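Given the structure is predicted, the values throughout are model-derived calculations rather than measurements. Every chain is numbered from 1, with letters handed out A, B, ... down the list of sequences.
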Amino acid sequence: MSYDVPRMAGDAAWTEHDADDHARRPGDEGSGPMWEVFVRQRRGMSHVHAGSLHAPDAETALLNARDVYTRRSEGVSVWVVPSSAVTASDPDNAASMFEPFAEQPYRHATYYDIPDEVGHM
Amino acid sequence: MDLSPDDRFQAILDADDKIEPTDWMPDGYRQTLIRQIAQHAHSEIIGMQPEGNWISRAPTLKRKTILMAKVQDEAGHGLYLYAAAETLGIGRDEMQHLLHTGRHKYSSIFNYPTLSWADMGVIGWLVDGAAITNQVALTRTSYGPYARAMVRICKEESFHQRQGYEILLTLCRGSAEQFAMAQDAVDRWWWPSLMMFGPHDDESPHTAQSMAWKVKRVSNDDLRQQFVDMTVPQAEYLGVTLPDPELRWNEQSGHYDYGEVDWDEFWQVVKGDGPMNRERLANKVGAWDDGAWVREAAMAYAAKHDGRLRSAGAGGAA
């Protein structure tokens, strides 16, 4: 994705004011804040993040999302969420967040030795 | 073509598509799903207790870490399911309240005690095995959020069954005492595991409507038969005896015949008089009450934090 990782709510410099318009960067003033677009490919599946776009309000964001992300029938449903509403994990903390699970192979079914004769389990 | 909401709902079902939270649905469909998904969620949460009972007494550090990971998974499964139920318009706190006041049920299997370490093996093998049989069928349920939660849960559940079977393999290959412990656990859990599939189809009040709505895809008796067919060879491999003198292969039907479940016991436990009903619910209510200060502190912290940010924001803007 080509946009900045949203600032986190815990950041010292983060304010409600920032939350409203942090996605606006120089040159964006005329096109509104940024929105994250989630598309459901077909019934029964989850909405999956497709990308983002600018729009002055939610209704316009939805119309823009339709035009930008579903022109080839990619979806049957679209969500738009203000980018400022996203609280992201800190990439610098990725190691401490996720690495411990790499050392827990027993959470996976393949860790257990089940003889073939027993059949699928 | 302009379809009525009712016809549109039916058309989605007929096409084997999923109903999503934003779709119109009959109130009965919504209430059935709330009841079923909440009961499923409560079962995951109450289900942490019988196994939690053995975390501090697991025979090795390895078994202990595995058991903790498994109980943690049950908590996670409960959370997926509560979130799925919430898409139908019921709040999570409300579901807790309904459980705590006895108006929501959970699976009766968790009203049996875990008396020995072998019970951890048998719960993984039989109880989770029965749950998987039921849940694999539910991945095709007609309500989207429930079906997606089931897919996620089934992926994680395989570890649960395998770790249980591995515990039993270890016990069954061990000393005579260890084997006896495994056999005793099988004796106690076999029939309650068969009860997990619920009453016979012709005595199950919700089955017909649930099948018509495609909430339920396979009937209680068919799922029970699937489970028996799958489990008997696994028992033979372990060398344990399933406590049913009528259990035998039926060449003609291509399935195992098995004896009648003690339905009096089933209904007795459903109605609250199983060995552990009172203790399980008391523990759950106790955990909720004891945890109140944690929830309150977290909310107070969030409110304070939010207030500080607001004033900082206002100051910055001025």
Side-chain angles (χ1 to χ4, degrees), chain A residues 6-24 33 38-49 58 62 65-66 73 75-81 84-85 87 98 100-121, chain B residues 12 15-20 22-23 62-63 65-70 72-73 124-125 128-129 132 139-140 142-145 147-148 151-152 155-167 169-170 230-231 233-238 302 305-306 308-317:
Chain A
R7 256 170 283 173
M8 285 174 295
D11 286 354
W14 192 92
T15 67
E16 282 280 307
H17 181 71
D18 284 338
D20 289 339
D21 67 1
H22 91 269
R24 284 180 207 160
F38 298 80
V39 175
R40 162 175 279 149
Q41 202 182 2
R42 56 185 168 80
R43 275 188 172 272
M45 301 183 78
S46 306
H47 287 79
V48 174
H49 189 241
L62 208 49
R66 166 193 177 266
S73 306
V76 295
S77 171
V78 178
W79 288 347
V80 291
V81 177
S84 59
T87 304
F98 306 113
F101 296 116
E103 291 156 26
Q104 299 172 19
Y106 51 84
R107 290 181 188 270
H108 297 272
T110 48
Y111 179 77
Y112 301 91
D113 209 10
I114 304 297
D116 292 342
E117 298 94 301
V118 174
H120 180 72
M121 190 177 278
Chain B
I12 294 170
D16 251 344
D17 275 338
K18 303 296 182 205
I19 305 294
E20 294 295 345
T22 45
D23 293 324
K62 175 184 149 179
R63 294 293 182 198
T65 48
I66 291 169
L67 192 55
M68 286 197 294
K70 181 175 189 295
Q72 192 184 30
D73 273 0
W125 173 40
D128 291 323
I132 290 168
T139 60
R140 297 190 300 117
S142 59
Y143 188 56
R148 291 190 287 275
V151 170
R152 206 179 173 88
K155 276 185 193 160
E156 298 181 354
E157 201 80 54
S158 171
F159 132 56
H160 295 186
Q161 198 188 14
R162 290 169 68 100
Q163 67 84 35
Y165 196 78
E166 200 196 63
I167 288 173
L169 269 176
T170 308
M230 179 183 78
T231 308
Q234 295 167 352
E236 284 168 357
Y237 188 86
L238 288 173
H305 199 61
D306 189 42
R308 206 173 67 215
L309 288 172
R310 266 178 214 286
S311 53

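- There is no contact between Leu238(B) and chain A, counting heavy-atom distances below 4.5 Å.
- For Arg42(A), no part lies under 4.5 angstrom from a heavy atom of chain B.
- Across all their heavy atoms, Tyr111(A) and Glu166(B) have their closest contact at O-OE2, 4.5 Å.
- Ring planes of Tyr112(A) and Phe159(B): parallel class, angle under 30° (limits at 30 and 60°).
- Note: Arg148(B) leads Gln161(B), Arg148(B), Gln234(B) in heavy-atom pairs under 4.5 Å with chain A.
- With chain B as the partner, the residue from Ser46(A), Ser77(A), Gly119(A) showing the most heavy-atom pairs under 4.5 Å is Ser46(A).
- Contact of Thr65(B) with chain A is made through backbone and side chain together, with heavy-atom distances under 4.5 Å.
- Contacts of Leu169(B) with chain A are made by side-chain atoms alone, with heavy-atom separations under 4.5 Å and no backbone atom involved.
- The side-chain hydrogen bond (donor to acceptor under 3.5 Å, both in side chains) check on Gln104(A) picks up Arg107(A), with sequence neighbours excluded.
- With a 4.5 angstrom heavy-atom cutoff, Ala147(B) does not touch chain A via any of its atoms.
- In terms of heavy-atom pairs under 4.5 angstrom with chain A, the leader among Lys155(B), His160(B), Gln72(B) is Gln72(B).
- When side chains are defined from C-beta on, Val39(A) does not count as touching Val48(A), because their heavy atoms never get closer than 4.5 Å.
- Heavy atoms only, all atoms of each residue included: Arg43(A) and Asp23(B) are closest at NH1-OD2, 2.8 Å.
- Taking 4.5 Å as the limit, some side-chain heavy atom of Thr170(B) sits within range of a side-chain heavy atom of Arg63(B).
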